[in-house]
A.B. asks: 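Sharing a structure with you now.
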Amino acid sequence: MTDPVLTDPALTNPWGSGAAGPIARVRGTRDVVPGLSAWPSWQRLKTRWIASPGFQRWATRFPLTRPIARRNAASLFDIGAGFVYSQVLTACVRLHLFEVLRDGPLTTPEIAQSVGLRPDAAGRLLRAAAALDLVAAAGAGGYQLGTLGAALLGNPGVAAMIEHHALLYADLADPVALLRRETGPAELAAYWPYAGGAHPESLTPAQVAAYSALMAASNGMVADQVLAAYRVGRHKMLLDVGGGEGTFLRAAARESTRLRLCLFDLPAVVERARARLAAADVLDRAELHGGDFFQDRLPDGADLISLVRVVHDHDDVAAMTLLRNVRRALPAGGTVLLAEPMAGRHGHPKVADAYFGFYLLAMGCGRARPPELLCDMLLQAGFKRPRLRRTAAPMLTGLIVARG
Ligand SMILES: C[S@@+](CC[C@H](N)C(=O)[O-])C[C@H]1O[C@@H](n2cnc3c(N)ncnc32)[C@H](O)[C@@H]1O
């Protein structure tokens, strides 16, 4: 089957030698792109059946189709009600409900007192959270952590991400207006002021504080995935471009005590990284550079350069400018790591196409790209042999390794 992402005419090469046509072709696909008329007739028939109210009524009664009909109805309901579920989760996070239950079950009145709600409101929240597996009934009217609530406590970065979703929630209040760009500046665009901004290097400490802290809180999970999939110990110096507060560098420093560290980010972010690297006692083996990675020359000397959750923030032309700049800084035989959530069949469609599709729309630029496209962009920028590496949780990040 042909991958529609790679044959979408909108994705033809915006930066190459002028050659039009699909950016890349997945190995094993056919050259001929089937048009809509080539949609198999059995599929048309199936869709027409499913869309008919009569078939829907029959399918819920007929024993063989009943389980499928129920599953589909539940999936559709979950999509429609998903915004309520996520607000239940937001309430739990804001009220620190999972921390309250960390040490074991409590009664509803005890929980109500700890989170500052009336018992009836606490009971309502607890029943909703139990239905979502965030907490679990513990008998005698008590509640304990549920599987998902416990997992959230184990990943503190997730709570920070959930809190900041309040901005996206506001931006998505009228999704059609957002798609038509009829709404004013989105809340998320202000939260990420470098996105589409003219002089990102002039951003003040106050402007970078919120997003930098969020990235630092959530980077650990991503760093674990990348460092498990690629051993950094064979390298002498790692330059993390768009390295934020240095969380990835600190994780890499723990993997290899001899690795020298280098970070490039906006000047105001670099100052935050300096404090973090000093607190982690690795500042003496690190050099920090502030600037604009589109305009300024990146520091030389690293035989390994990483781009963690950076490229997807930018539109295609800007992303190519960045990749070419990284290529200039990497010596022949050096290695580049490109790590971020990816689209297509190697990624996680709900994350890449639904979540990031709308998140980045509100932010104002960027997109999650399929690995085939990222590999082709790396080739266009002058890198060699780009390869997708398997990560344990592609939902969090994919990883492409290429050579200079
Ligand atoms: C989404 S954050 C990722 C941070 C970090 N790599 C991580 O995964 O936690 C993108 C980073 O790129 C930096 N950045 C964005 N535009 C930049 C530019 N033009 N020059 C330098 N850094 C930039 C931001 O300040 C931010 O730290």
Side-chain angles (χ1 to χ4, degrees), residues 155-158 160-161 164 167-168 188-227 238-252 261-277 288-299 304-315 317-326 329 336-342 355-356 359-360 362-368 391 393 396-399:
N155 293 291
V158 177
M161 293 296 287
H164 103 293
L167 303 171
L168 181 56
L188 265 189
Y191 185 83
W192 300 100
Y194 62 76
H199 293 287
E201 74 287 357
S202 319
L203 291 173
T204 63
Q207 285 174 301
V208 305
Y211 83 75
S212 286
L214 176 68
M215 288 295 94
S218 61
N219 180 290
M221 305 179 281
V222 178
D224 287 349
Q225 297 285 314
V226 176
L227 295 171
L238 165 60
L239 163 63
D240 194 22
V241 175
E245 300 191 5
T247 316
F248 183 67
L249 282 184
R250 280 183 284 133
L261 315 171
C262 186
L263 183 140
F264 189 98
D265 208 296
L266 300 173
V269 178
V270 162
E271 290 319 306
R272 298 174 67 90
R274 194 182 304 286
R276 293 262 197 172
L277 293 170
L288 307 179
H289 299 262
D292 175 356
F293 56 40
F294 297 123
Q295 303 286 342
D296 299 324
R297 199 185 158 89
L298 297 173
L304 176 64
I305 301 185
S306 49
L307 287 158
V308 181
R309 301 191 295 179
V310 170
V311 175
H312 69 347
D313 275 356
H314 303 284
D315 291 337
V317 173
M320 278 309 298
T321 304
L322 170 59
L323 291 179
R324 289 198 170 104
N325 204 7
V326 171
V336 67
L337 305 179
L338 195 165
E340 60 187 32
M342 292 176 193
Y355 177 79
F356 276 110
Y359 188 111
L360 295 172
M363 190 173 113
C365 55
R367 64 182 171 120
T391 54
L396 279 178
T397 189
L399 174 65

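Just so you know, ligand 1 is whichever comes first in the structure, and atom 1 is the first atom listed for that ligand.
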A.B. asks: Is there any N or O on His314 that sits under 3.5 Å from an N or O of ligand 1?
C.D. replies: no
A.B. asks: Polar contacts were defined as any N/O atom of the residue lying under 3.5 Å from an N/O atom of the ligand; does this apply to Val310 and ligand 1?
C.D. replies: no
A.B. asks: What protein heavy atom is closest to atom 17 (C) of ligand 1, reported as residue, atom name and distance in Å?
C.D. replies: Phe293 CZ, 3.3 Å
A.B. asks: Please say whether Tyr211 places an N or O atom under 3.5 Å from an N or O atom belonging to ligand 1.
C.D. replies: yes
A.B. asks: Provide the number and element of each atom of ligand 1 under 4.0 Å from a heavy atom of Val269.
C.D. replies: 25 (O)
A.B. asks: Are any of the heavy atoms in Phe248 under 4.0 Å away from ligand 1?
C.D. replies: no
A.B. asks: Distance under 4.0 Å to a non-hydrogen atom of Met215: what atoms of ligand 1 satisfy this?
C.D. replies: 1 (C), 2 (S), 3 (C), 9 (O)
A.B. asks: Under 4.0 Å from a heavy atom of Phe294: which atoms of ligand 1 are those, numbered in the order shown and with their elements?
C.D. replies: 19 (N)
A.B. asks: Is Thr247 near ligand 1, meaning one of its heavy atoms is under 4.0 Å from it?
C.D. replies: no
A.B. asks: So if I count the atoms of ligand 1 from 1 in the order they appear, which ones are less than 4.0 Å from some heavy atom of Pro200?
C.D. replies: 19 (N)
A.B. asks: Below 3.5 angstrom, do we get any N/O pair linking Val308 and ligand 1?
C.D. replies: yes
A.B. asks: Relative to the heavy atoms of Gly291, which atoms of ligand 1 are at a distance of less than 4.0 Å?
C.D. replies: 20 (N), 21 (C)
A.B. asks: Do Arg309 and ligand 1 have an N or O pair less than 3.5 Å apart?
C.D. replies: yes
A.B. asks: Applying side-chain hydrogen bond (donor to acceptor under 3.5 Å, both in side chains), which residue pairs with at least one partner in residues 216-226 are found, sequence neighbours left out?
C.D. replies: Ser218-Arg309
A.B. asks: Within ligand 1, which atoms have a heavy atom of Asp292 less than 4.0 Å away?
C.D. replies: 18 (C), 19 (N), 20 (N)
A.B. asks: Can you check side-chain contact (heavy atoms from CB on, under 4.5 Å) on Thr247 and Val222, steps first, answer last?
C.D. replies: CA-CA 10 Å; Thr247 316; Val222 178; over 6 Å; no
A.B. asks: Give the numbers and elements of all ligand 1 atoms closer than 4.0 Å to a heavy atom of Asp313.
C.D. replies: 1 (C), 10 (C)
A.B. asks: What residues, two or more places apart in sequence or in another chain, satisfy salt bridge (charged side-chain N to carboxylate O under 4.0 Å, His left out) together with Arg272?
C.D. replies: Glu245
A.B. asks: Relative to each other, are the rings of Tyr359 and His164 parallel, tilted or perpendicular (30° and 60° limits)?
C.D. replies: tilted
A.B. asks: With heavy-atom distances below 4.0 Å as the criterion, list the atoms of ligand 1 near Gly244.
C.D. replies: 27 (O)
A.B. asks: Look only at interatomic distance and state if Phe264 has a nitrogen or oxygen under 3.5 Å from any nitrogen or oxygen of ligand 1.
C.D. replies: no
A.B. asks: I need the nearest protein heavy-atom contact for atom 11 (C) of ligand 1: residue, atom name and distance, please.
C.D. replies: Gly242 O, 3.6 Å
